[in-house]
Amino acid sequence: MTAVKEARARKALESHNGNKRIVTSAALNKALSDIGVNEKTIQLRRTTLLYTEALNTIFLQTQSMDSGAYCFGSQTEGSTTEGMDSDIDSLHFHRFPVIHNIADRQFELEQLFVVMDMSTPPQCCCLQLLLPDYSICLPDDLFPYCLIDAQGRLFLKNNCIKMSLAEFFKKAGIDCIQHGPSLTIGGFIDEVKAVHCAKLHENCQYIFRRPKPGHWPGPELVTQLKDSGVFLVPTAHVENTTNWDPQQRLGTLTVRTFDNSHELYWRLSTNLMERLLMFDITMTQMKVYVIMKIIRKEFCKPLVGDRLSTFHLKTTFLYCVEMSPPCIWEDENLIQCLKYCLTTLRRWLKVRYCPHYTTVNVNLFAGKLQWNEFPVLIDLLKDMILNNVSCLQNVKMDDLGNRISSNSTYSTNGLPFEKLDIVVASKMFKYMIHYSCGFYIHGKDEAVETLKEITEHALYIQKLENIKNTSTGLIRSAVSTTLPFHYSIHAAMKASLCIGNNQSLPQEIFTLCEKSLISDVTSSRLKLASIYFSAQRFEEAAAILKQVDALISNKVIPVSPFVTNNEFSSKMMGRGKDFKDILQKEIALCTIFKRHEINCVPRQLVAEFYRTVTVEDAGCRRNYPRNEWMDLEDAGFRLSFSWMDLAVVDSLPYMHYLQYLIFRNSELIGDKVSALKNLLDHVIFKVSESYQYHIETSLNLIGHCFELEGKLEFAWQSYKESVKFRPQNNAAYWHMFRMIGGLFYGVKMLSW
């Protein structure tokens, strides 16, 4: 601990200008509400992450019905703010027969037996692999993942998942590195792979056995906790640990040897139990917990790093909620409740012991805080408590200090108070739309033949339909949301194959299209119109476009899953409806094509698939903001994938563009002129009144219309404007090259 760090911490605790001003519960309550610690924002975060979790589980279940996913951490709990910049902790699990008592062994099954003895670290176990009685010897493919002890017992290594994944990703040229229990895949995706055990281990039932007042957790919640099960996750190298038994007043020091025994330890994790507890707390209690986390990050982290973790604070907080009467947890008592929690944490720091909330004989300080760091934190908390947490006026995160003092009207990202909820809503709605679209699940390898891709996608849809028919609740709702997008993709791929082979379109394609129409207001209908147009069935295409035009109203909001729009999120928050209902009735999602659908795409849009032309373009793709990318799942693993490999066009401009092409082909001059005027009005003349996500593509479509009209000067100007909006990775360059070639070599222009 350096003197400089301590001096900085002391300075941060001082009041402004040396004058001690009182932080009131009312001021703190308002400030926290302003930065998103309020009912609406927290519920939005929880709804979004649970929905994302359901879609992840659905995808994993298409690979294995015994798999699933959870999103844990601050985002799911809602215990975060924009300034806290919390990540999402993703856990993928596999259900495997796990037993705690050897008497429960079923000799015809392969099972895992939880083994604990005096040498096992706290909260850890070893997993003995019990093979079926008909197995004479260990299969060769299991040897690298297991270890045989002196007694001939077969134990599963905790890096077995990493070893199997590393081999898979090595073939794809992707690094897979283990950091503690999590795997870092491709350098930026952190996931925990775990085994789920439906039955709680005896050590994890400490929460039910220890004496407590009894008002919280209540009987109904206790029943849910008992049914939540436990995750067995890989653990990192276990350090020397100290333990204190308060009943026997006995302290122990466990020294770890430098052998390979650490490869056998799996940690008992009660994440699901902890999430249920956090979902049951009141809003006042949530505010206290969030301000504790802010204090940790602002004042404690500069001193001890992350060795005093948010989990230490959560454990302290849960014990305080359990031990204190419910009547004290009111907004007018925020400061008192906060001081109570800080006092509890300080008491534990003084005895160097932080008990786990659910699991017995675990000191959460062990292997974390260094011995000389305890006194520093003890003194720090003492000053905070004695000064009635006046240090909160110095908090920089989310500009909380100025908010408490009523001196600030802006957040750390430059947005006024009232717009912070919109920032959160924007991210949350974007997550839900990303995961709902479904188009990204298949076809990432464009080298795969379309027929093979269609076959694989058909099997995938079958699995989704089976999940829909056998599931309930959020899983059923989520799969019902994503299925229509898959029907649309599948129909377009089959139609593209038929058109490419000069075959007539079978009725099956239009049956799929019919089932896809509830995806959202426009995208699946426009894709159907594209299929009719590409098959030169112009009357049917015109009828679909007329239907789309009639469905669009002031209530319908254009949306792209790749670009954030705060205004869209503001309107969605005000409507207060179920996300599925909003998506299907009030959102005009942009129309998205993959290369496997290339024969259903108007020729002008084909260039969008090849927008990356130069080395500089490729470099810019890597450097685009995170919202230009998606985290994609492949057999339960995430890969990086850019929307620039797709043809993406805003729905309303695309509708007018298709109308123009159809009316031009049908020689309906008046309708053609009207369609072009509508396209120009929407993209150029009313740009400030309309949502423009992929304006460079819309301008490319206008340029094509002007080419077909013979107005090459206007066409060139449209492509130039497109390049202004997106200088790199823009298909406009291909169109400009083509125009120059046409003028120089007399090549016929692209036309329909």
Side-chain angles (χ1 to χ4, degrees), residues 43-44 46-71 76 428-443 456-494 508-528 547-548 551 555-557 559-561 572 575-592 594 630-633 636 651:
Q43 193 55 47
L44 181 60
R46 289 179 179 178
T47 301
T48 303
L49 270 296
L50 290 175
Y51 179 81
T52 303
E53 181 181 280
L55 283 171
N56 272 336
T57 295
I58 289 163
F59 177 72
L60 289 172
Q61 286 182 355
T62 62
Q63 314 302 311
S64 169
M65 287 302 292
D66 291 324
S67 298
Y70 281 104
C71 296
T76 311
M428 297 302 107
F429 281 119
K430 184 181 170 187
Y431 284 151
M432 288 194 278
I433 290 171
H434 262 179
Y435 279 93
S436 297
C437 290
F439 67 87
Y440 52 81
I441 302 281
H442 280 268
E456 291 180 357
H457 194 232
L459 291 172
Y460 184 79
I461 288 176
Q462 270 187 343
K463 292 175 181 177
L464 288 180
E465 290 173 332
N466 181 54
I467 293 170
K468 178 185 175 182
N469 295 332
T470 56
S471 62
T472 57
L474 192 56
I475 296 289
R476 182 179 177 86
S477 175
V479 76
S480 299
T481 304
T482 195
L483 254 175
F485 290 101
H486 283 285
Y487 290 140
S488 181
I489 297 165
H490 200 65
M493 287 196 297
K494 291 178 77 75
E508 178 194 0
I509 290 173
F510 300 106
T511 301
L512 286 167
C513 288
E514 188 69 28
K515 293 162 73 175
S516 77
L517 297 182
I518 60 170
S519 63
D520 65 296
V521 177
T522 58
S523 67
S524 293
R525 288 179 171 84
L526 288 174
K527 194 167 279 193
L528 173 57
Q547 186 184 100
V548 173
L551 287 170
K555 289 184 178 180
V556 174
I557 303 177
V559 174
S560 169
M572 290 300 99
R575 300 188 183 184
K577 297 180 182 177
D578 175 68
F579 171 72
K580 180 182 173 184
D581 192 51
I582 291 175
L583 178 63
Q584 295 182 348
K585 297 178 181 177
E586 301 182 18
I587 288 180
L589 199 67
C590 59
T591 308
I592 304 163
K594 306 188 313 174
M630 298 182 68
D631 293 340
L632 311 180
E633 303 274 356
S651 285

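- Annotation: side chain to side chain contact (heavy atoms under 4.5 Å, CB included) contacts of Thr470 (sequence neighbours excluded): Asn466.
- With contacts defined as side-chain heavy-atom distances shorter than 4.5 Å, the pair Phe510/Leu528 qualifies.
- Leu551 is not listed as a side-chain neighbour of Val556, based on a closest heavy-atom distance of 4.5 Å or more.
- Counting all heavy atoms, side chain and backbone alike, Ser67 lies closest to Thr57 at O-CG2, 4.5 Å.
- Once rounded to the nearest 0.5 Å, the distance linking CD of Gln43 with OG1 of Thr48 reads 9.5 Å.
- Annotation: side chain of Ile582 is in contact with side chain of Ile587 (closest heavy-atom distance under 4.5 Å).
- Ile433 and Pro561 get closest at one heavy-atom pair: CG2-CB, 3.7 Å.
- Each of Lys494, Glu514, His490 was scored for a side chain to side chain contact (heavy atoms under 4.5 Å, CB included) with Ile509, with one residue passing: Lys494.
- Contact annotation: the side chain of Thr62 approaches that of Phe59 to within less than 4.5 Å [non-hydrogen atoms, C-beta and beyond].
- The aromatic rings of Phe579 and Tyr51 lie perpendicular to each other, with more than 60° between the two planes, well past the 30° mark.
- Once rounded to the nearest 0.5 Å, the distance linking CZ of Arg525 with SG of Cys513 reads 11.5 Å.
- Ser524 places a side-chain N or O within 3.5 Å of a backbone atom of Ser516 that can act as its donor or acceptor partner.
- Asp520 and Phe485 make their closest contact through OD1-CE2, 4.0 Å (heavy atoms, listed as atom of the first residue, atom of the second, distance).
- Put simply, CG on Leu483 and OG on Ser488 are 12.5 Å apart, with the number rounded to the nearest 0.5 Å.
- Atom CG in Leu526 sits 10.5 Å away from atom CD in Gln547 (nearest 0.5 Å).
- A distance of 10.5 Å separates OH of Tyr487 from OG1 of Thr482, quoted to the nearest 0.5 Å.
- Without hydrogens or angle criteria, Lys463 side chain to Ile58 main chain gives no donor-acceptor distance under 3.5 Å.
- In this structure a side-chain-to-backbone donor-acceptor pair under 3.5 Å is present from Ser651 to Leu589.
- Residue Asn469 comes nearest to Arg476 through the heavy atom pair CA-NH1, 4.0 Å, listed as atom of the first residue, atom of the second, then distance.
- Shown here for Val479 and Leu464, the closest heavy-atom pair between the two residues is CG2-O, 3.6 Å.
- Remark: Ile518 engages Pro484, Gln584 in a side chain to side chain contact (heavy atoms under 4.5 Å, CB included) (not counting sequence neighbours).
- Under the 3.5 Å distance criterion, the side-chain polar atoms of Thr47 are left unmatched by any main-chain donor or acceptor of Leu44.
- In this structure, Ser477 contributes its side chain and Gly473 its backbone to no donor-acceptor pair below 3.5 Å.
- Closest heavy-atom contact between Cys71 and Glu53: N-OE1, 2.7 Å.
- Separation of atoms CG (Leu55) and CG (Leu474) is listed at 8.0 Å; rounding is to 0.5 Å.
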